[in-house]
There are 2 protein chains.
Amino acid sequence: MVTSPETCAQEVLEVVPVVMRIIRGKMRQHRAADLSVPQFRTLAFIDRNAEASLSDVAEHIGLTLPSMSKIVDGLVVRKLVTRETHPDDRRRMILTLTRSGQTALETSRTATWACLASMLAPLTDGERTVIVKAMDSLRPVFTVRLESSLKTAK
Amino acid sequence: MVTSPETCAQEVLEVVPVVMRIIRGKMRQHRAADLSVPQFRTLAFIDRNAEASLSDVAEHIGLTLPSMSKIVDGLVVRKLVTRETHPDDRRRMILTLTRSGQTALETSRTATWACLASMLAPLTDGERTVIVKAMDSLRPVFTVRLESSLKTAK
DNA sequence: TATTGTTATACTCTATAACTATA
DNA sequence: TATAGTTATAGAGTATAACAATA
């Protein structure tokens with residue numbers, strides 16, 4: 001079976017926005033955490049990358065610095081993230097999750113997983129396997145490369 | 001191979017937002033059309049469903065009536081859509097694409113397809129086939145009926 | 001001079017509540 | 001009364017441009 005890039009693109013363009021809308025809704029629905037998708041992704045990145053700078057996060061999430069700055073503002077106000085200046089380079093910020101931030105991330109992640117999982121449960125194992133394989137193919141294609149800014153920063 | 005709903009959900013939750021962000025960027029990038037994703041989806045729906053009402057569009061895109069109304073406002077101002085009252089029920093709107101609207105839709109669709117296709121081109125045929133199959137599985141799962149939530153909201 | 005980040009400003013997207021017009 | 005849609009209002013997400021602080 002041959003699948004042209006065009007056909008594949010068409011399918012992706014049709015389905016991904018629909019899935020995205022559901023994910024967004026699910027996340028907002030969990031009042032305990034109440035995180036938007038960008039907020040969730042920001043917390044997740046900071047969790048995975050200790051002492052990340054604002055530029056690191058912005059680059060990975062794919063936002064401009066001002067946009068990222070504003071999102072982090074909100075997270076700091078909600079006390080989910082702390083923002084300190086780096087002792088060795090006072091231009092840089094060191095972003096860290098607070099205890100609350102870790103909890104919010106975990107709560108949101110678990111609840112959203114559970115919701116999505118229940119939606120995916122009616123599918124067959126085979127279908128889910130295909131979906132996972134598809135995601136594994138798509139991930140590197142659409143992931144912004146961090147050209148070592150993180151590593152050099154550390 | 002067994003893939004649990006949880007594993008599948010995790011993968012979807014991780015990859016879909018990344019793909020979505022690229023799609024959004026690509027769409028905005030084509031200055032000729034310059035459509036946001038919701039605008040694009042709205043035009044596509046009106047194109048597929050002649051004489052759609054505002055409620056029809058809102059329900060299928062998954063937005064509230066005021067949100068949809070505002071999006072359509074913008075499209076009407078840009079002369080991509082016409083908004084007329086239905087002769088048989090003057091509460092209803094009849095939404096139709098203008099010539100410009102058809103052109104904008106086609107331009108945006110083609111350009112975005114081409115961009116995505118070029119990103120998907122390095123994958124193997126097999127990988128693309130898997131992606132298409134995955135999208136076909138995901139589509140019905142996430143194409144959710146919103147009537148219930150809309151009605152209870154009233 | 002280059003880098004990191006913030007502020008100012010201006011959009012779009014989105015929701016809820018209150019309203020109008022029509023049925 | 002019920003339905004279709006708009007207006008009012010508010011807040012988040014996003015971008016560009018201009019700026020400040022630091023290196």
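Values below: every heavy atom of this structure, side chains too, minus hydrogens, waters and symmetry copies. Here is the naming used below: chain letters follow the sequence lines, and residue numbers restart at 1 for every chain.
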Evaluation steps, side chain to side chain contact (heavy atoms under 4.5 Å, CB included), between A/Val76 and A/Leu95: CA-CA 9 Å; A/Val76 168; A/Leu95 303 173; 5.8 Å; no
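With sequence neighbours excluded, no residue forms a salt bridge (Lys or Arg N to Asp or Glu O under 4.0 Å) with B/Arg90. Partners of B/Arg91 according to the salt bridge (Lys or Arg N to Asp or Glu O under 4.0 Å) rule, which considers only residues two or more places apart in sequence or in another chain, are B/Asp89.
Within the 3.5 Å criterion, the main-chain N or O of B/Lys133 finds no donor-acceptor partner in the side chain of B/Asp136.
As a whole-Å value, the separation of B/Arg90 CZ from C/dT20 P is 17 Å. Here D/dT6 presents its P atom at 8 Å from CG of B/Leu95, a figure rounded to the nearest Å. One interatomic measurement links the two molecules: CD1 of B/Ile71 to C1' of C/dA15, which rounds to 12 Å at whole-angstrom precision. One atom, CG of B/Asp34, and another, P of D/dA15, lie 13 Å apart when rounded to the nearest Å. Taking atom CE on A/Met27 and atom C1' on D/dG13, their separation rounds to 15 Å, with Å as the unit. One atom, NE2 of B/His86, and another, C1' of C/dT22, lie 14 Å apart when rounded to the nearest Å.
A close approach under 4.0 Å does not occur between any side-chain nitrogen or oxygen of B/Arg24 and OP1 or OP2 of D/dG13. For C/dT14, the OP1/OP2 oxygens have no side-chain nitrogen or oxygen of B/Thr64 closer than 4.0 Å.
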Return all side-chain donor-acceptor pairs below 3.5 angstrom for residues 38-48 of chain B, not counting sequence neighbours, or 'none' if the list is empty.
| from | atom 1 | to | atom 2 | distance (Å) |
| --- | --- | --- | --- | --- |
| B/Gln39 | OE1 | B/Ser36 | N | 2.8 |
| B/Gln39 | OE1 | B/Ser36 | OG | 3.3 |
| B/Thr42 | OG1 | B/Pro38 | O | 2.7 |

Run the side-chain donor-acceptor check on residues 110-117 of chain A: report pairs under 3.5 Å with partners two or more places apart or on a different chain.
| from | atom 1 | to | atom 2 | distance (Å) |
| --- | --- | --- | --- | --- |
| A/Thr110 | OG1 | A/Glu106 | O | 2.7 |
| A/Thr112 | OG1 | A/Ser108 | O | 2.8 |

For residues 7-21 of chain B, tabulate all N or O donor-acceptor pairs below 3.5 Å that involve a side-chain atom, not counting sequence neighbours.
| from | atom 1 | to | atom 2 | distance (Å) |
| --- | --- | --- | --- | --- |
| B/Thr7 | OG1 | B/Ser4 | OG | 2.9 |
| B/Glu11 | OE1 | A/Arg139 | NH2 | 3.0 |
| B/Glu11 | OE2 | A/Arg139 | NH2 | 3.4 |
| B/Glu14 | OE2 | A/Arg139 | NH1 | 2.4 |
| B/Arg21 | NE | A/Ile61 | O | 3.2 |
| B/Arg21 | NH1 | A/Gly62 | O | 2.9 |

Base-contact (B) and sugar-phosphate-only (S) positions in nucleotides 1-9 of chain C, heavy-atom cut-off under 4.0 Å, - elsewhere: -BBSBBB--
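Identified under the side-chain hydrogen bond (donor to acceptor under 3.5 Å, both in side chains) test for residues 68-77 of chain A, with sequence neighbours left out: A/Asp73-A/Arg83.
Residues from residues 39-50 of chain B with heavy atoms under 4.0 angstrom of DNA chain C, sorted by number: B/Gln39.
Cluster partners of A/Val130 are B/Val130, counting Ile, Leu, Val, Met, Phe, Trp and Tyr whose side-chain heavy atoms approach within less than 4.5 Å, directly or via other members.
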